[in-house]
Every structure is written in C-alpha cells, then in structure tokens.
2 protein chains.
Amino acid sequence: MPSPIRCPIRPEESGWLAQAARQAKQRRLAAGDCLFRQGDRAQAIFRVEQGRLRLVRHLADGSAVTLHVARAGDGLAEAALFASQYHCDAVAEIDSSVAVIARAPLLAALHGDAESSLAFAADLSRQVRNLRWQLELRNIRSARERLLVWLRLQANPDGVVTLDRPWTVIAPELGLSHEAVYRALARLTAERRLRRKKDRVQLI
Amino acid sequence: MPSPIRCPIRPEESGWLAQAARQAKQRRLAAGDCLFRQGDRAQAIFRVEQGRLRLVRHLADGSAVTLHVARAGDGLAEAALFASQYHCDAVAEIDSSVAVIARAPLLAALHGDAESSLAFAADLSRQVRNLRWQLELRNIRSARERLLVWLRLQANPDGVVTLDRPWTVIAPELGLSHEAVYRALARLTAERRLRRKKDRVQLI
DNA sequence: CGGAGCCTTGAGAGCTGTCAATCCGGGTGG
DNA sequence: CCACCCGGATTGACAGCTCTCAAGGCTCCG
C-alpha cells in the first residue's frame with residue numbers, strides 16, 4: 001500500500017546552496033538591474049536572498065522567452081557552474097539582493113570535496129523532481145482537476161491545505177489565470193469536494 | 001549581443017549516468033511489468049536502455065498522477081539516491097530494458113569520488129535547465145507561438161530544424177494535440193514564417 | 001494489393017483568457 | 001472617527017482557442 005507523499009511545488013530552501021551562500025558576499029539590485037547577460041563569461045552562481053529575478057533567453061530572431069522566475073531562497077544559474085558562459089539574461093523584477101558565489105573557487109573546492117558535490121547533486125535532484133511534477137501537472141487540462149490534484153499534493157494527511165500566499169500568486173504557478181482558479185474553487189466547493197475558510201482548504 | 005543557443009527539449013544522453021550504466025547489469029521488463037513501487041526501499045537507480053517506463057504517484061485519496069515518462073537514454077529515479085524509498089511506481093509501458101545501478105555501492109563510491117559526484121551534478125543541472133525550459137514553453141498559450149518558439153530553439157544557426165521523430169510524438173511533448181500542431185504548421189507555412197520539406201523545417 | 005502509420009483538414013463543443021464591475025478588509029491620512 | 005485607497009477575492013459576459021471526433025489522403029513495406 002503506497003503511502004501518500006507531500007510534494008511542495010515551490011522548491012524548499014536549497015540546503016547546500018543556502019550554506020554556501022552564507023559565506024558569500026551580497027549584491028543588491030534595483031528593479032530593472034541586470035545581474036548578468038546571455039553570453040557573459042560565467043563567473044559566479046547565485047542565490048536569491050530577497051526579491052525576484054527573471055531569467056530571459058534571447059532567440060536567434062531577436063525574440064525573447066522567460067526561462068524562469070527565481071524568488072527568495074531559489075538558486076540562480078547553477079548550470080553556470082558547468083558552462084563557460086551564461087545562457088540567459090538575469091534581470092531584477094523588483095529590488096532584490098543575491099548572494100554571489102564565485103565560480104572558480106567553488107568549482108575548485110567541489111573538485112576536492114565529494115561530500116559537498118553530492119549535497120549539491122541532492123539539491124539538484126530535488127529540483128528535478130519538483131520540476132517534473134509541475135510539468136505533469138500542466139498536462140491536466142481541466143482547471144478544476146488541476147487545482148484539485150495540486151491541493152491533494154499540498155495537503156497534510158488530514159486533507160488540509162494552509163496557504164502561505166494569495167491565490168493570485170498561486171494561479172500563475174499552476175498555469176492558470178486567477179479568475180479560473182476562483183471559479184474552480186467555487187465549483188469544487190459547490191460539488192462538496194472541499195471546504196474553504198480563509199487561507200485554509202479542507203479536502204473531502 | 002547575445003548569441004543564440006540551442007536547447008534540446010529531449011534531454012541528451014546523460015553522460016555520467018550512461019557511463020555508470022555500462023558496468024551495470026541489465027533487467028528486462030515486459031509491457032506492464034513494474035520495476036518498483038512507491039514506498040519500496042530504494043535499492044537502485046536506473047537508466048532506460050530500451051523501451052519506455054511511466055512513473056506514477058499515488059495520492060492520498062487513491063487517485064494517481066503520472067510524474068514522468070522515461071525513454072531510452074533517460075535516467076530513472078536518480079532522486080532515489082538521496083531518499084530511503086521510492087516516491088512513485090515505475091511501470092513499463094512497452095517491453096523495455098533498464099540498467100540497474102545498485103544504490104549502496106554507488107553512493108559509497110560517490111562519497112569518495114568528487115569527480116563523479118560533480119559529473120552527476122552536471123547531469124542533473126542540465127536536466128533542470130531543460131525542465132525549466134519546457135515548463136516556460138507551456139506558458140505560451142498559442143499553439144502557433146509555442147511551436148514557433150520550440151522550433152527556434154531547436155534550429156541550427158541557419159534556422160533549419162531536422163526532426164528525428166514524427167510530429168505525433170513531438171506534439172504531446174509540447175503539450176498539444178497532433179492536430180493542433182499540424183494546423184499551426186499549416187498556418188505558419190501560409191504566413192511564410194517557415195517552409196517544410198519532409199522532416200526538415202526552415203525558419204524564415 | 002492491402003495495411004499501418006503518419007499527415008491533413010473539417011466541424012462542433014467546451015473551456016479558459018480577457019475585460020469589466022463589485023465587494024471586502026485593512027491600513028492611512030485628515 | 002471617517003473617507004479613501006489598494007490589493008485580493010468574486011462573478012459575469014464574450015471571444016477565441018484547442019480538444020475531440022471524424023474522415024480522407026499519402027507513403028512505405030510486406
């Protein structure tokens with residue numbers, strides 16, 4: 001009998017990276033500032049301490065695509081450890097601060113430190129799991145079902161979900177408009193599949 | 001001036017894992033066979049050599065969600081290295097064979113081998129990049145635009161994309177029905193944004 | 001020649017996104 | 001103490017889009 005397992009959509013604090021960030025120097029960015037640009041030599045990896053950065057990749061024809069939005073606690077440009085240059089731009093969406101972890105010393109240290117390298121791998125594998133999960137969530141077309149599955153995964157064993165951020169923030173993470181989310185919540189409530197009270201949701 | 005960068009949606013052969021798999025023993029699975037179940041003690045990680053495995057997670061209420069479909073060349077259950085038990089079921093969709101890499105010896109080896117640990121991390125960071133990219137691709141609502149962006153990323157510097165699998169296979173990877181893809185291709189062709197010839201697409 | 005995949009295109013239904021309007025609770029300045 | 005403002009929460013209306021179901025056509029291969 002498989003046991004239910006909790007899977008946070010928002011990646012938890014990256015244990016290893018958080019550690020590395022502690023000894024790193026901070027850099028502050030005003031909204032709109034650019035941390036690095038696509039093609040720059042990769043000189044550091046980062047951890048977002050405050051604020052929000054958007055990673056944007058430029059395509060051959062000049063158009064751009066957002067690759068990711070990194071928030072407080074997220075790692076940033078981990079892949080730059082293994083590449084000679086950045087593959088996208090990083091721009092602060094709001095005033096932010098990041099821990100700057102220089103690439104060369106870090107890489108050198110990791111080369112001689114199996115424990116840290118493994119811890120780093122563990123962080124990444126956790127991210128892979130979360131990302132896979134988010135991707136599959138998007139394969140659920142129906143807003144109602146997608147929301148329901150998301151809630152089930154967030155729920156504690158009693159079927160209770162406590163929200164730590166407003167639906168307007170959660171909706172885009174689910175790939176839905178906030179209106180769609182509210183409508184789905186309304187229908188699920190009407191169908192007696194859940195109960196709502198403020199920022200608590202009880203699954204039935 | 002940022003240079004265009006190629007980003008395969010299908011993760012390339014995982015260099016490090018491929019290496020590790022070479023010395024591992026193989027296991028054959030008939031369609032429908034189960035490689036491991038959610039809650040089983042994590043005793044090995046795997047690499048799909050042939051066939052296709054589906055990873056399914058069971059939720060608290062008994063429903064199930066597909067987490068991932070692993071194909072030839074893909075790693076399988078890498079996260080199990082860092083967990084004591086599997087977090088999902090793995091079932092062969094068709095006759096398949098996997099390389100079985102025992103967990104304990106591998107972990108022991110990695111603990112003393114910074115190089116391999118780093119190589120493993122590099123594999124994972126590549127996966128993270130690909131997954132992020134796929135996730136953001138899904139944020140593009142319009143089938144036409146999504147397809148176009150995908151093509152741009154797949155294109156070589158000349159704007160040529162050569163397909164190694166039929167559209168019927170690509171379509172679900174893009175989160176679209178194959179009909180939607182064909183229609184998008186037809187419109188893009190009519191708009192002279194691309195030319196098609198067999199399994200080659202030329203962007204304009 | 002027949003069949004199996006793949007490719008294409010048509011028609012209709014259902015769903016979500018977008019635009020808009022309203023309500024509500026909390027915080028602020030007068 | 002009250003008017004005001006702002007962000008979040010809700011709900012309605014509508015257009016546009018993709019999905020699904022269906023029906024061929026095309027190509028390769030036995």
Side-chain angles (χ1 to χ4, degrees), chain A residues 10 31 51-52 66 71 93-95 134-151 154 161-202, chain B residues 10 31 51-52 66 71 93-95 134-151 154 161-202:
Chain A
R10 297 275 309 132
R52 198 168 67 228
T66 295
R71 292 146 201 264
E93 289 200 327
I94 56 181
D95 292 357
Q134 287 185 60
L135 203 50
E136 288 296 337
L137 195 61
R138 298 292 182 98
N139 285 341
I140 304 174
R141 298 276 165 195
S142 153
R144 198 155 81 261
E145 287 308 311
R146 191 188 300 175
L147 179 60
L148 197 52
V149 170
W150 183 83
L151 284 168
Q154 301 290 314
V161 182
T162 306
L163 303 169
D164 61 344
R165 53 198 187 287
W167 287 110
T168 34
V169 173
I170 294 170
E173 292 176 13
L174 292 173
L176 295 170
S177 66
H178 60 103
E179 294 97 324
V181 169
Y182 290 128
R183 273 189 264 266
L185 284 168
R187 286 192 60 174
L188 288 169
T189 306
E191 292 166 3
R192 302 184 183 290
R193 308 233 266 174
L194 58 79
R195 268 193 287 269
R196 297 175 58 197
K197 192 188 293 180
K198 287 233 167 196
D199 54 358
R200 275 186 34 142
V201 179
Q202 166 77 248
Chain B
R10 296 276 309 132
R52 198 168 65 228
T66 296
R71 292 147 199 262
E93 290 200 326
I94 56 181
D95 293 357
Q134 285 185 61
L135 204 49
E136 289 296 336
L137 196 61
R138 299 293 182 97
N139 284 341
I140 303 175
R141 298 278 165 195
S142 155
R144 199 156 80 260
E145 287 307 313
R146 190 189 301 176
L147 178 61
L148 196 52
V149 169
W150 182 83
L151 283 168
Q154 301 289 317
V161 182
T162 306
L163 303 169
D164 62 344
R165 54 197 187 286
W167 287 110
T168 34
V169 173
I170 295 170
E173 292 175 13
L174 293 173
L176 295 170
S177 66
H178 60 103
E179 295 97 323
V181 169
Y182 290 128
R183 274 189 261 267
L185 284 169
R187 287 192 59 175
L188 287 169
T189 305
E191 293 166 3
R192 303 184 184 290
R193 308 232 267 175
L194 58 80
R195 268 193 286 270
R196 297 175 58 196
K197 191 187 295 181
K198 290 230 165 201
D199 55 357
R200 276 186 34 142
V201 179
Q202 166 77 248

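FYI, side chains are in, hydrogens and waters are out, and symmetry mates aren't considered; it's all heavy atoms of this structure. Throughout, a chain's letter reflects where its sequence line sits, starting with A, and its residues are numbered from 1.
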Chemist: Is there a side-chain hydrogen bond (donor to acceptor under 3.5 Å, both in side chains) between R146(A) and N139(A) once you walk through the steps?
Modeler: CA-CA 8 Å; R146(A) 191 188 300 175; N139(A) 285 341; over 6 Å; no
Chemist: Taking the side chain as every heavy atom from C-beta outward, state whether R144(B) and E191(B) have any pair of such atoms under 4.5 Å apart.
Modeler: yes
Chemist: Any salt bridge linking E173(B) with R165(B)? Criterion: basic side-chain nitrogen under 4.0 Å from a carboxylate oxygen.
Modeler: yes
Chemist: Based on the rotation axes of five pairs at each end, what angle does the helix from dC1(C)-dG30(D) to dG30(C)-dC1(D) bend through, to 10°?
Modeler: 30°
Chemist: Specify the closest pair of heavy atoms between V161(A) and Q154(A), including all atoms of both residues, with the distance to one decimal.
Modeler: CG1-CB, 3.9 Å
Chemist: Got a second to check how far Y182(B)'s OH is from T189(B)'s OG1, nearest 0.5 Å?
Modeler: 13.0 Å
Chemist: With distance as the sole test, does D95(A) use its side chain to make a donor-acceptor pair with the main-chain N or O of A31(A) at under 3.5 Å?
Modeler: yes
Chemist: Determine whether L135(A) and R138(B) make a side-chain contact, defined as any pair of heavy atoms from C-beta on separated by less than 4.5 Å.
Modeler: yes
Chemist: With rounding to the nearest 0.5 Å, note down the distance linking CZ in R193(B) to CG in L147(B).
Modeler: 10.5 Å
Chemist: Might you point out which heavy atoms bring R141(A) and L176(B) nearest each other, and give the distance in Å?
Modeler: NH2-N, 3.9 Å
Chemist: Classify the nucleic acid contact of K198(B) as base, sugar-phosphate or nothing, counting any heavy atom under 4.0 Å across all strands shown.
Modeler: sugar-phosphate
Chemist: Taking any atom closer than 4.0 angstrom to a non-hydrogen atom of chain A, what span of DNA chain D does the protein reach, first nucleotide to last?
Modeler: dG8(D) to dC19(D)
Chemist: Classify every nucleotide of nucleotides 3-17 of chain C by which part a protein heavy atom approaches to under 4.0 Å, writing B for the base, S for the sugar-phosphate alone and - for neither, in 5'-to-3' order.
Modeler: ----SBBBB----SS
Chemist: Can you tell me how far the CZ atom of R187(B) sits from the CG atom of L185(B), to the nearest 0.5 Å?
Modeler: 12.0 Å
